[in-house]
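Below, read A as the first sequence line, B as the second, and so on, with proteins coming before strands; counting in each chain starts at 1. Everything numeric here is computed off the predicted structure, so don't read it as measured data.
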Amino acid sequence: MIQSTSQQHLLENLTCAQHTAVTHRDGPLLVLAGPGSGKTRVITHRVAYLMATGVQGEHILALTFTNKAAAEMRSRVIGLVGAAKTTICTFHSLCARLLREFAEELSLTPNFSIFDRADSLAALREATQQSGLDPKNWPPAATCEKISRAKSKLLRPAEYQERANDFYTKQVAKIYRRYQQVLESNSALDFDDLLLRMVDALRENESIRRQLAGRYRYILIDEYQDTNQAQYVIGRVLCRDHQNICATGDPDQSIYGWRGADISNILDFERDFPQTKIVRLEQNYRSTKHILAAADRLIKANKLRRDKKLWTENPEGEKIEVVCCADGRAEAGYVAERIAEYVQGGSYNDVAIFYRVNSLSRPLEQALRSAGVPYQMVRGVAFYARKEIKDVLAYLRAIVNPNDELSLLRIINVPARKIGAKTVQALREHSRRSGATIRETLATPGIIAGLGRAAGPLKQFAVLLDELVNGPQRPVQKVLERVIRRTNLEAEYSTDRHKDGTAMDNINELISSAAQYDKDNPEGNLEDYLQQTSLVCDVDSFDPSQGAVAMMTLHAAKGLEFPVVFMVGLEDGLLPHSRAAENRSELEEERRLCFVGMTRAQRRLVMSYARYRQVRGSTNRTVASGFLAELPAESVRHCQCEVSAGTESLAKLVKTPDALLQRSSREGSNRRAGRSGFVAGLIEGSSVYHPRYGLGKIEQIGRFGKFTRAVIDFEETGPQTMMLEYADLHKPTSEM
DNA sequence: GCTATCTAATTTTTT
DNA sequence: ATTAGATAGC
């Protein structure tokens, strides 16, 4: 076969197996790719190769699970072929986009809102009450999970109800039905609906299916082991005509079973798609021999799996370190110390810390902060979950989607404009009786006038909304600024004794992200912007170029790699998590999670556990994770973390202060509200030690809003005013 | 209607 | 330990 130079260039430096996967042209292809085996490279080169051999870019669809992965893939494809019209995105954003495109044929309103988890919970609370049940006995969070699982298995309320045998499930079915009505009346879809409605569209509307099958002639799906039933059907139906589906994944890295991911999708791929070409990528280019051998041994303990051999030609490297620490604080201090020592002012990018549950990040944050180690927490959703951000976005949603009552009711009294619960209740009652939306009721002077002293504020609110709706709708940045100014949110958040002023910082951050959006999407509009913000996830916010240590959950770590990895909290009940230890398949998923974490490491891997761990305030004795015992002894070095680092070692330097201050948390950007009131029994005259300013005496101490404000006279620098948070203070140990 | 204080419930992972 | 929701007092 004659190949052009550009094609040859694409195939350079590929191993035999990679070459096969890249050059496979038509028909189903399954790439079983072990960790660090060059999977992303295969996908991107395959896309480029398809294009080099005559496939139009716009006929290629590559689906990922996170926007981050999509962005990464897109930039790598662009690096190979230059600008491409290829669709590379997540399942959810593809569906959101297509549902808007075909809204009319699907009798959907194109400006539908996308409810995130918090919105869904609110809607569920509503649905539970409407079903005559008390949310106390039917917690929305639990119901939400049930419904989500049902949806990911394509079970509608009717089918779910049919299958409900016990009382509890029957009630959930009732709530489920109601919940769908609530979504419907808000013109809203939740995350699962995006997939579900797409499945419906593809199954029931042959013309849409045809169009899309013609548009997307080559389909690539990454992390196939994490697809759920709905995603499986979407992939399968889209390629029915041409069978050009390329799935990549690794059954050993399936960690989303709890979210409805069905591992049998990848295991049964050959059966679903006859004449599948299977390519196995087992050579690892990422990790040292010790790391890979240990991870491989661990995963071999899983019974429900097909064995494969992972191997590498990389050097042997250092042994894995398994560290036993006294408690969580000592563990965090140890990690911080080791990082500082490893990096030595060099590149913090190289280091990552993983944990099973988010709550473990707290002591780590404190330790890193006081050790002066820059860090970055991968928690994108947390930003969009903040009150002030949700408030501003709710205004946008109310503008775009007049049926979105959830958003409307959220902001009807934000900032406070004297429209209280009673008035809202009355308003809803009127709407319910007349069948009109709240928005319409708001525009009916006759009704408003009958609502007593709230009439004025309601009228003003209606006028405000109209103004916003009729104002310019782009660029998004301008719309945001207008909303913030006109609604007085700006005044509310900046001048007000609003916490510590972070609220306005966050809003400003939102505005600059909107500006970025406008830049990236010259054709963008509000709907699209809202869609993007609702579909961001944790990893999306991770920026490896920041020069900071990355901290994230094990789930968020998938797909990433770092030269140095710390895994903390290797304890029974935490890394196999207690909620997952009940049955074999859940335990095996925990083991896969551990496997995923370990295989992120390139050169160094440190796994630690603490003998005592604080859970919800109280300290408990722990047992080391059973997974540690499954690692091969010859690749592991056990060590003991002798003294708790940080606080206690500091204490030894000091004569006898009454309290130790951590480096002030107000300095960093990662602020967290502390506890109110006076702390640690500090009074005027108390002596304190601060890691930066040294010894000092409290001259004045008092309350400042939620915080304690102290003027401290330091021996070195003289008097300083400091805001103290509970989290910043420690009692020195007694034996000094 | 708003605010400050008390209480109960919570924590597995997330598109 | 932290936080959301409930309650009481302004």
Whole angstrom is fine here: how far is it from CZ in A/R329 over to P in C/dA1? 11 Å
Note: for A/K418 and A/F91 on DNA chain B, the residue whose nearest nucleotide lies more 5' is A/K418
How many whole angstroms separate atom NZ of A/K68 from atom P of B/dT14? 16 Å
Answer yes or no: is there a donor N or O on one side and an acceptor on the other, between the side chain of A/N401 and the main chain of A/S187, under 3.5 Å? yes
Under 4.0 Å, heavy atoms only, any strand: does A/T423 hit a base, just the sugar-phosphate, or nothing? sugar-phosphate
In whole angstroms, the gap separating C1' of B/dT13 from CZ of A/R117 amounts to 11 Å
Using a 4.0 Å heavy-atom cut-off across all strands, classify A/N413 as base, sugar-phosphate, or nothing. sugar-phosphate
Among B/dT14, C/dG5, C/dT2, which nucleotide has an atom closest to any side-chain atom of A/R362? C/dT2
Centroid-to-centroid, A/H555 to A/W258, below 6.0 Å? yes
Between A/I412 (CD1) and B/dC2 (C1'), how many Å, whole number? 17 Å
Please examine the side chains of A/Y612 and A/N620, heavy atoms only from C-beta on, and report whether any two atoms are closer than 4.5 Å. no
For nucleotides 5-12 of chain B, list the nitrogen or oxygen atoms of the protein found under 3.5 Å from its nitrogen or oxygen atoms, one pair per line.
{"from": "B/dT12", "atom 1": "OP1", "to": "A/R579", "atom 2": "NH1", "distance (Å)": "2.2"}
{"from": "B/dT12", "atom 1": "OP1", "to": "A/R579", "atom 2": "NH2", "distance (Å)": "3.1"}
{"from": "B/dT12", "atom 1": "O4'", "to": "A/H577", "atom 2": "NE2", "distance (Å)": "3.3"}
{"from": "B/dT12", "atom 1": "O2", "to": "A/R356", "atom 2": "NH1", "distance (Å)": "2.9"}
{"from": "B/dT12", "atom 1": "O2", "to": "A/R356", "atom 2": "NH2", "distance (Å)": "2.1"}

Could you state the atom-to-atom distance from CD of A/E223 to P of B/dT15 in whole Å? 13 Å
